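Just below is one structure, and these are the notes that go with it.
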Number of protein chains: 2
Amino acid sequence: MSQQLPPLTALRVFEAAARHGSFTKAATELGMTQAAVSYQIKLLEERVGTPLFLRKPRQVVLTETGSRLAPAVGDAFNILGEAYAAARAGSGGTLCISTVLTFASNWLARHIGSFQMRHPAIAVRLDTSSHMVDFAREEVDIGIRSGDGAWPGLVSHLLFRAQYTPMLSPRLADSIGGVKEPADLLKLRILDPTDVWWKRWFELANVPTDSLEGRPDTSMGSQAYEANAAMAGQGVAILTRKFFTNEIAEGRLIQPFDLLGDDGHAYWLVYPEARRNVPKIRAFREWILPEIADFGG
Amino acid sequence: MSQQLPPLTALRVFEAAARHGSFTKAATELGMTQAAVSYQIKLLEERVGTPLFLRKPRQVVLTETGSRLAPAVGDAFNILGEAYAAARAGSGGTLCISTVLTFASNWLARHIGSFQMRHPAIAVRLDTSSHMVDFAREEVDIGIRSGDGAWPGLVSHLLFRAQYTPMLSPRLADSIGGVKEPADLLKLRILDPTDVWWKRWFELANVPTDSLEGRPDTSMGSQAYEANAAMAGQGVAILTRKFFTNEIAEGRLIQPFDLLGDDGHAYWLVYPEARRNVPKIRAFREWILPEIADFGG
DNA sequence: ACGACCCATTAAGAGCCCTTATGCATAGGA
DNA sequence: TCCTATGCATAAGGGCTCTTAATGGGTCGT
């Protein structure tokens with residue numbers, strides 16, 4: 001039951017012309033030429049079957065039919081305009097971030113406050129579901145992902161590489177007279193000794209990894225938990241360095257060696273290419289990139 | 001303060017898609033391809049700045065933004081559609097005829113009833129103002145004019161030529177023992193002897209016109225009045241034959257001679273070319289042309 | 001009477017929108 | 001599990017509407 005709607009552009013032109021009582025002024029408002037207005041009105045008149053304007057010497061005036069049509073058209077366009085504007089504005093209201101849990105708990109949770117301070121009008125919703133979000137199927141604005149940065153259709157900004165290095169509390173280090181060389185770490189309890197990062201890091205450091213075998217599995221499943229254990233002095237953890245810059249700065253953890261492991265993957269900010277200029281996405285991008293860059297070397 | 005309205009065609013497509021929850025069905029309803037719907041929705045989403053649909057496996061569902069936008073757009077299009085339909089229908093309601101007075105009083109007044117019988121939904125308004133109507137400046141649907149039928153931008157249908165001939169009442173004819181030849185008329189009182197038609201007609205009839213000079217001027221300014229005078233037996237009038245076919249058929253007037261004068265002009269039905277298919281105009285045209293043709297030879 | 005203003009009209013060109021054709025993903029059935 | 005049907009996305013190309021630009025007519029104000 002299609003309503004057989006009239007040519008909509010013609011209606012819009014008609015509405016403006018009716019409001020102004022002038023084709024020229026309507027043309028100016030709509031950013032087109034007077035000839036275009038004249039053409040569109042004539043088109044609409046032919047569709048309706050009757051003139052809508054009487055062409056008087058220095059002005060045009062609505063015919064009876066025209067004056068019945070005009071207010072309704074005006075109302076309709078007002079509704080349309082308001083709804084559209086609301087949708088446009090509303091689309092800036094909530095920023096939905098889908099992020100890997102590690103990043104959310106180790107970095108975002110502690111920094112998102114400064115984003116909210118800067119953009120109080122943007123509500124932030126975090127979605128830490130584990131699956132890789134599909135922007136076409138879920139209402140998500142931006143994602144933070146771990147991977148190689150190559151996702152078709154998405155813009156990817158490198159946040160930082162996932163470089164890892166051992167960390168422990170100062171007190172624990174002191175307890176063995178300081179950590180001077182990598183092998184010293186083996187004197188301590190290794191948090192999650194089954195983590196492949198440990199094996200790789202000791203190999204980078206040219207330390208035999210035999211003694212890692214057989215140690216009790218203390219895996220806690222998350223860097224955040226292991227970091228807490230390390231800060232509590234319960235052992236030495238191997239952690240993503242960037243996540244704990246604050247703790248190091250505050251002296252709650254120390255990074256005894258500059259040596260960094262790198263498993264090749266990284267954290268990326270991603271969003272659909274088509275939406276790169278959406279205000280809230282732009283706002284987040286322009287906040288997080290400098291924030292990450294400033295954030296420790 | 002232009003509202004910066006969205007692309008209207010895209011909105012119409014969006015409205016249909018939202019209603020159906022399917023691009024394919026929306027395409028069917030709108031009579032276009034699914035690809036076109038997809039294109040328009042994408043366009044609109046880019047303008048709005050946020051997706052309006054989530055693409056689920058076998059269907060599309062509105063996002064939050066989309067579901068806020070949809071009802072308002074639906075309302076707006078309903079208003080638009082109704083107003084447009086009303087204007088379209090309303091344009092068929094009244095037929096305004098601008099006509100020369102002679103035609104109105106001598107022909108139209110007696111025949112218009114049959115048009116109204118056939119089209120009871122069409123109200124007829126007659127405008128017998130004397131100036132030649134300008135369809136661009138006045139709310140007039142059709143005109144009946146006297147002239148040569150060449151008016152740019154207008155369609156002209158010949159109604160009949162303005163052929164004139166003497167007419168008188170049967171009683172008056174009998175009073176002089178019948179009118180046998182044109183010269184007999186000069187025995188009678190000539191209604192409006194200054195009318196150029198008389199001179200021309202007598203010339204056609206090879207009758208000297210000298211005796212027309214000096215007769216009292218009985219001009220009444222209108223054929224209708226002169227016809228009434230003739231029917232009352234007050235004299236012989238020279239009249240447009242077509243206008244008085246009825247009176248002749250009913251025996252109230254007689255046309256003593258077949259000889260017809262013709263001053264070259266005629267009565268025409270005219271209307272703007274662009275409106276030839278407007279229902280009420282078509283209805284009038286399709287009524288009057290046969291009506292005139294049937295109407296006496 | 002002349003200039004300013006406004007609308008109508010015309011021809012030519014640009015840009016949008018639609019179509020066709022194809023690909024991808026999912027769901028349902030065998 | 002494979003196959004088919006369904007639904008949406010995408011790319012390329014062409015038709016067509018609409019715009020632009022230029023011109024003319026008509027009226028009002030000076």
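This is a predicted model, so every value here is computed, not measured.
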Please state how far atom [atom1] in [X] lies from atom [atom2] in [N], giving the value in whole angstrom units.
X	N	atom1	atom2	value
B:R12	C:dC17	CZ	P	12 Å
A:L52	C:dC7	CG	P	15 Å
B:M32	C:dT20	CE	C1'	15 Å
B:K56	C:dC24	NZ	C1'	18 Å
A:L44	D:dC18	CG	P	11 Å
A:I41	D:dC18	CD1	P	13 Å
A:L8	C:dC17	CG	C1'	14 Å
B:F23	D:dG7	CZ	P	13 Å

Open item on the list: Which nucleotide wins on minimum distance to the side chain of B:Q34, given the candidates D:dC18, D:dA9, C:dA8?
Closed with: D:dA9
Task: Test of ring centre spacing under 6.0 Å for B:F53 and B:F23 - done: yes
Open item on the list: Is the distance between the ring centroids of B:Y84 and A:F14 under 6.0 Å?
Closed with: no
Check whether any side-chain nitrogen or oxygen of [X] sits under 4.0 Å from OP1 or OP2 of [N], and answer yes or no.
X	N	answer
B:T24	D:dC8	yes
B:K42	D:dT10	yes
A:S22	C:dC7	yes
B:T33	C:dT19	yes
A:R55	C:dC6	no

- [ ] Answer yes or no: is there an ion pair linking A:R68 with A:E64, defined by an N-O contact shorter than 4.0 Å?
- [x] yes
Task: salt_bridge(B:R55, B:E45) N-O dist < 4.0 Å - done: yes
TODO: Could you check whether B:Q40 gets within reach of a base, just the sugar-phosphate, or nothing at all, counting any heavy atom under 4.0 Å?
DONE: sugar-phosphate
TODO: Using a 4.0 Å heavy-atom cut-off across all strands, classify A:A35 as base, sugar-phosphate, or nothing.
DONE: base
Open item on the list: If you assign each of A:L43 and B:K25 to its closest nucleotide in DNA chain D, which residue comes earlier from the 5' end?
Closed with: B:K25
Open item on the list: Below 30° counts as parallel, above 60° as perpendicular, anything between as tilted: where do the rings of A:W107 and A:H111 land?
Closed with: parallel
